2 protein chains.
Amino acid sequence: MQEFDPAPLLAVAREEALLGRAEGGVPIGAALFDTHGGLLGRGHNRRVQDGDPSAHAETAAFRAAGRRPHYRDTIMVTTLSPCWYCSGLVRQFGIGHVVIGEATTFHGGHDWLAGLGVGITVLDDPDCTALMTAFIAERPELWFEDIGGEDPAASTSDSH
Amino acid sequence: MQEFDPAPLLAVAREEALLGRAEGGVPIGAALFDTHGGLLGRGHNRRVQDGDPSAHAETAAFRAAGRRPHYRDTIMVTTLSPCWYCSGLVRQFGIGHVVIGEATTFHGGHDWLAGLGVGITVLDDPDCTALMTAFIAERPELWFEDIGGEDPAASTSDSH
């Protein structure tokens with residue numbers, strides 16, 4: 001598909017990421033939209049704020065959207081390439097498209113999703129990249145905790 | 001590994017599943033243990049109870065365990081084969097072993113995890129199978145909603 005303009009969608013996810021940074025948390029934001037650009041849910045990583053390791057940005061946005069019978073006509077927008085946990089969410093619930101702010105500082109499961117037929121748009125947004133680059137430099141222990149205690153470079157060595 | 005006895009671990013997950021059933025929810029339970037059998041967190045699916053589609057049993061148990069620097073020495077026990085969302089959780093956070101009550105009524109991502117080196121124990125527990133069989137027969141619309149609106153048979157056609 002991708003008849004939509006991803007820029008205003010990413011702007012919402014980036015707002016969420018900045019909220020997370022202002023709260024002292026992991027600065028990753030996400031939002032779930034319908035294919036007409038209607039916002040269904042938005043959220044950001046809440047590991048620090050809620051002491052909740054399951055609250056990744058995509059999961060938070062998915063939760064905020066509430067119960068739905070299916071997700072075929074939805075778009076997940078996230079400031080950062082989705083980790084395996086969030087990529088699994090996209091696969092299981094059949095989310096049709098994922099818009100990604102950047103995949104430079106972390107490369108999660110989006111190639112796997114593309115191979116399964118999920119629409120993937122990587123925007124290479126410099127603001128998103130700068131945000132994560134600064135965060136990883138300032139709080140490496142928090143970042144590694146958020147992705148399971150491993151160096152992110154190690155988790156990109158295969159594409160299962 | 002698997003020097004541990006999985007039966008008492010599964011009993012905890014099954015208790016959680018029965019709590020979920022008693023609450024009118026999706027009857028799937030899970031718990032996270034350390035390799036000495038110490039309970040780190042337990043929970044059950046809370047889609048109905050909290051209106052939260054992200055609260056699968058494994059995610060609920062993971063959340064209940066709180067923040068941890070890593071998960072190498074942990075065991076996730078679940079009454080049912082983990083869906084892709086929950087399998088992604090196991091992969092991303094490096095959970096070392098998954099004990100599964102049954103994989104008959106639903107076959108999620110545990111073969112994928114096994115191929116990635118995660119220890120997998122499928123117990124083929126008749127009580128777990130009976131619980132899910134009855135639930136799927138009674139509430140098919142709720143079950144399909146919980147796994148993204150697709151027939152579970154359709155989502156097992158590959159092992160990516």
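It should be emphasised that the depicted structure is a prediction, and the values quoted were computed from it without experimental measurement.
- When heavy atoms are compared at a cutoff of 4.5 Å, A/V90 does not approach chain B at all.
- Using a 4.5 Å cut-off between heavy atoms, A/L142 contacts chain B through its side chain alone, with no backbone atom that close.
- Under the 4.5 Å side-chain contact rule for hydrophobic residues, A/V77 and A/L123 share a cluster.
- Contact between A/P53 and B/G66 at its shortest, heavy atoms only, is CG-O, 3.4 Å.
- Cluster annotation: A/I136 is connected to A/I28 through the hydrophobic network of ILVMFWY side chains, with a link wherever side-chain heavy atoms come within less than 4.5 Å.
- With hydrogens and angles ignored, the 3.5 Å screen pairs a side-chain donor or acceptor of B/Q92 with a backbone N or O of A/I147.
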Q. Where do B/V48 and A/R67 land on the side chain to side chain contact (heavy atoms under 4.5 Å, CB included) test, with the steps shown first?
A. CA-CA 9 Å; B/V48 171; A/R67 291 172 59 180; 4.0 Å; yes
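- Clustering ILVMFWY residues whenever any of their side-chain heavy atoms sit less than 4.5 angstrom apart, transitively, puts A/L18 in a cluster other than the one holding A/V99.
- With rounding to the nearest 0.5 Å, the separation of CH2 in A/W84 from CG in B/L113 is 11.0 Å.
- By the rule that hydrophobic residues join a cluster once side-chain heavy atoms approach within less than 4.5 Å of another member, B/F106 and B/L131 end up as members of separate clusters.
- With respect to chain B, the highest number of heavy-atom pairs below 4.5 Å among A/H56, A/H70, A/R47 belongs to A/R47.
- Using cut-offs of 30° and 60° for the angle between ring planes, the B/W112 and A/W112 rings count as parallel.
- Under the 4.5 Å side-chain heavy-atom criterion for Ile, Leu, Val, Met, Phe, Trp and Tyr, A/L40 and A/I100 are members of the same hydrophobic cluster.
- The CD atom of B/E58 sits 12.0 Å away from atom OG of A/S54, with the distance rounded to the nearest 0.5 Å.
- At a threshold of 4.5 Å between non-hydrogen side-chain atoms, the residues B/P69 and A/E145 do not count as touching.
- Below 30°, between 30° and 60°, or above 60°: for B/Y85 and A/F93 the angle between ring planes is above 60°, a perpendicular geometry.
- Looking at B/D146, only its backbone comes within 4.5 Å of chain A, counting heavy atoms on both sides.
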